[in-house]
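Working notes for the structure below.
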Amino acid sequence: MLNISDQDFHRLVNYVKSNYGIDLSKKRQLISGRLSNTITNMGYSDFTGYVDHIVSGKNAKDNEIMLNKLTTNYTYFYREKTHFDYFRDTILPYIVKTKEKNRVMSIWSAGCSSGEEPYTITMLIREFLGAQANAWDTRILATDISHQVLSKAKNGLYEEESLRELPPDWKRKYFIPVKGSPGTYEVSKPLRSNVIYRTFNLMSPIHFKLKFDVIFCRNVMIYFDQDTKEALVKRFYQASNPGAYLLIGHSENLNKERTPYDYIMPATYRKSEDSK
């Protein structure tokens with residue numbers, strides 16, 4: 001394993017923080033452990049040349065490889081079930097009631113990783129709306145900074161282990177066993193067509209066409225320091241409709257005194273219906 005000097009460590013940490021919002025200031029051992037093989041495979045003998053290459057920003061693919069190495073894209077369908085139960089029992093009835101005229105839901109899966117979250121949301125919506133599902137525009141915006149995980153999400157191929165928390169009838173209804181590949185399942189076309197995947201850096205200004213009724217940003221802000229997290233949440237707030245919900249990971253929390261959202265319950269926040 002290669003050692004990283006203080007200078008190279010601080011250069012890399014500052015670059016990643018400034019450009020991606022990710023705080024690696026306490027991850028020195030992780031950086032050395034996860035990047036050493038990549039560095040040597042690229043032909044560098046130490047961190048200095050590699051860090052020079054990364055901070056130059058000349059090769060977006062190499063920067064993405066670095067980010068994928070240093071962050072964990074671990075997820076599965078129906079992860080953190082209490083969120084999805086609340087979405088089904090409270091949020092969806094509210095949206096259906098308030099959006100009955102135009103029948104458009106505006107939902108963002110921010111930091112969607114390999115697609116399990118937006119596909120789970122789609123299944124919940126279709127189950128909730130039933131025969132009325134096709135009368136609504138339920139398309140979900142799903143974004144991530146990584147082209148690699150978005151490519152997996154678009155392909156819609158998952159191992160059986162990832163489907164373990166789904167109701168058995170959902171597995172039969174929404175997934176197709178892949179011939180010649182036991183234990184691998186493909187997302188059905190109706191589910192796939194309901195999700196719009198886009199590359200997006202959460203440090204960027206948020207200027208999407210519609211404001212959102214719900215933003216899922218779960219297990220993403222664990223990599224951000226407090227200031228970065230609070231700035232992002234304020235951007236989420238401005239990009240949300242009155243009465244909109246923000247769902248974050250259960251291992252995350254917001255400062256209740258400083259967030260513009262109202263606290264509902266752990267990892268669940270809401271913009272006041274009276275706000276602008």
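- In the hydrophobic clustering of ILVMFWY residues, with side-chain heavy atoms under 4.5 Å counting as a link, I4 and Y50 come out together.
- Taking both residues in full, the closest heavy atoms of S113 and D144 are given as N-OD2, 2.9 Å, listed atom of the first, atom of the second, then distance.
- Taking the ring centre of F47 as origin, the terminal cationic atom of R11 falls outside the region bounded by 6.0 Å and 45° from the ring axis.
- Between D213 and the options K99, R270, K271, a salt bridge (charged side-chain N to carboxylate O under 4.0 Å, His left out) holds for only K99.
- In this structure, CG on N253 lies 11.0 Å from OG1 on T259, to the nearest 0.5 angstrom.
- Annotation: side chain of S240 is in contact with side chain of Y261 (closest heavy-atom distance under 4.5 Å).
- Between G57 and N63, the shortest heavy-atom distance links the atoms CA-ND2, 4.3 Å.
- In this structure, D46 contributes its side chain and L2 its backbone to no donor-acceptor pair below 3.5 Å.
- E80 places no side-chain N or O within donor-acceptor distance of the main-chain N or O of G249, the cut-off being under 3.5 Å.
- Between L24 and L70 the shortest side-chain heavy-atom distance falls below 4.5 Å.
- Between Y158 and Y185, the distance from one ring center to the other does not fall under 6.0 angstrom.
- At a cut-off of 3.5 Å, with distance as the only test, a side-chain donor of S181 or T184 sits close to an acceptor on the other residue.
- Side-chain contact check for L202 versus F236: some heavy-atom pair is nearer than 4.5 Å.
- Under 3.5 Å, the side chains of D62 and H53 contain a donor-acceptor pair of N or O atoms.
- F212 and I264 fall into different hydrophobic clusters, where Ile, Leu, Val, Met, Phe, Trp and Tyr residues are linked whenever their side-chain heavy atoms come under 4.5 Å apart, directly or through other members.
- In terms of heavy-atom proximity, E252 sits nearest to N219 at OE1-N, 3.1 Å.
- With hydrophobic clusters built from ILVMFWY side chains whose heavy atoms lie under 4.5 angstrom apart, M123 shares a cluster with I107.
- One N or O on the side chain of S193 and one on the backbone of K189 form a donor-acceptor pair closer than 3.5 Å.
- Between the side chain of S204 and the backbone N or O of F200 there is no donor-acceptor pair closer than 3.5 Å.
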Inset, instruction - List the steps, then state whether side-chain contact (heavy atoms from CB on, under 4.5 Å) holds for E116 with R79. - result: CA-CA 8 Å; E116 288 89 341; R79 184 184 182 188; over 6 Å; no

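- Classified by interplanar angle (parallel below 30°, tilted 30° to 60°, perpendicular above 60°), the ring pair Y20/Y15 is perpendicular.
- Nearest approach of R235 to M203, heavy atoms of both residues: NH2-CA, 3.6 Å.
- Looking only at atom types and distance, the side chain of T82 has no donor-acceptor partner in the side chain of D85 under 3.5 Å away.
- Closest heavy-atom contact between L35 and K69: CD2-CB, 3.9 Å.
- A donor-acceptor pair is defined here as one N or O able to donate and one able to accept, closer than 3.5 Å; no such pair exists between the side chain of T228 and the backbone of F224.
- Not one N or O on the side chain of R258 forms a donor-acceptor pair closer than 3.5 Å with the backbone of N255.
- The main-chain N or O of H83 is never found under 3.5 Å from a side-chain atom of H250 such that the two would form a donor-acceptor pair.
- No side-chain donor-acceptor contact under 3.5 Å links T38 and N41.
- A distance-only check finds a donor-acceptor pair linking the side chain of S275 to the backbone of S272 [under 3.5 Å].
- Contact annotation: the side chain of L141 approaches that of F208 to within less than 4.5 Å [non-hydrogen atoms, C-beta and beyond].
- Considering CZ of R34 and CD1 of I39, their distance stands at 14.0 Å, rounded to 0.5 Å.
- You'll find the side chain of R172 reaches within 4.5 Å of the side chain of P168, heavy atoms only.
- Counting Ile, Leu, Val, Met, Phe, Trp and Tyr side chains that sit under 4.5 Å apart, directly or through other members, V178 shares a hydrophobic cluster with L157.
- Crowding of K171 atom NZ: a count of heavy atoms from other residues, nucleotides or ligands under 6.0 Å exceeding 12.
- Contacts of E257 classified as salt bridge (Lys or Arg N to Asp or Glu O under 4.0 Å), with partners at least two apart in sequence or in another chain: none.
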Legend entry - Test side-chain contact (heavy atoms from CB on, under 4.5 Å) applied to E161 and Y76, step by step: CA-CA 8 Å; E161 172 68 12; Y76 51 88; over 6 Å; no

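- Between Y78 and F84, the ring-plane angle classifies as perpendicular under the 30° and 60° cut-offs.
- Contact check for I121 versus T138: no side-chain heavy atoms found under the 4.5 Å cut-off.
- Although no hydrogens or angles enter the test, the distance criterion places a donor-acceptor pair under 3.5 Å between the side chain of N241 and the main chain of K211.
- One hydrophobic cluster, built from ILVMFWY side chains closer than 4.5 Å, holds both V16 and M42.
- The shortest distance between side-chain heavy atoms of W108 and I206 falls below 4.5 Å.
- Minimum heavy-atom separation, R192 to V187: NH2-O, 3.2 Å.
- Surrounding CD of E100 are more than 12 heavy atoms belonging to other residues, nucleotides or ligands, all under 6.0 Å away.
- A cation-pi arrangement is found for K256 relative to Y263, the charged atom lying closer than 6.0 Å to the ring centre and inside a 45° cone about the ring normal.
- Between R88 atom CZ and K81 atom NZ the span is 6.0 Å, to the nearest 0.5 Å.
- At a threshold of 4.5 Å between side-chain heavy atoms, the hydrophobic network of Ile, Leu, Val, Met, Phe, Trp and Tyr places W136 and Y245 in one connected group.
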Inset, instruction - Would you please test L247 and C217 for side-chain contact (heavy atoms from CB on, under 4.5 Å) and show each step? - result: CA-CA 6 Å; L247 306 180; C217 186; over 6 Å; no

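- For N3, the CG atom counts as loosely surrounded, since its 6.0 Å shell holds 12 or fewer non-hydrogen atoms of other residues, nucleotides or ligands.
- For the atom pair CG (D52) and CG (D8), the distance works out to 7.5 Å, reported to the nearest 0.5 Å.
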Inset, instruction - Please report the C-alpha distance between M105 and D137 in whole Å, then the side-chain angles of each, then the deciding distance to 0.1 Å, and finally whether the side-chain contact (heavy atoms from CB on, under 4.5 Å) criterion is met. - result: CA-CA 6 Å; M105 294 185 185; D137 181 351; over 6 Å; no

For residues 124-134, please give each side-chain donor-acceptor pair under 3.5 Å, one per line with the distance, not counting sequence neighbours.
residue : atom : partner : partner atom : Å
E127    : OE2  : K173    : NZ           : 2.8
E127    : OE2  : Y174    : OH           : 2.6
Q132    : OE1  : R103    : NH1          : 3.3

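- Here CG of N155 is found 11.0 Å from CG of L150. Values are rounded to the nearest 0.5 Å.
- Interatomic distance, OG of S106 versus CZ of R139, reported as 10.5 Å (0.5 Å rounding).
- Aromatic ring pairs are classed by plane angle as parallel below 30°, tilted from 30° to 60° and perpendicular above 60°; the pair F87 and F216 is perpendicular.
- Put simply, the side chain of I248 reaches to within 4.5 Å of the side chain of L246, judged on heavy atoms.
- Ring-centre distance between Y119 and F175: not below the 6.0 Å cut-off.
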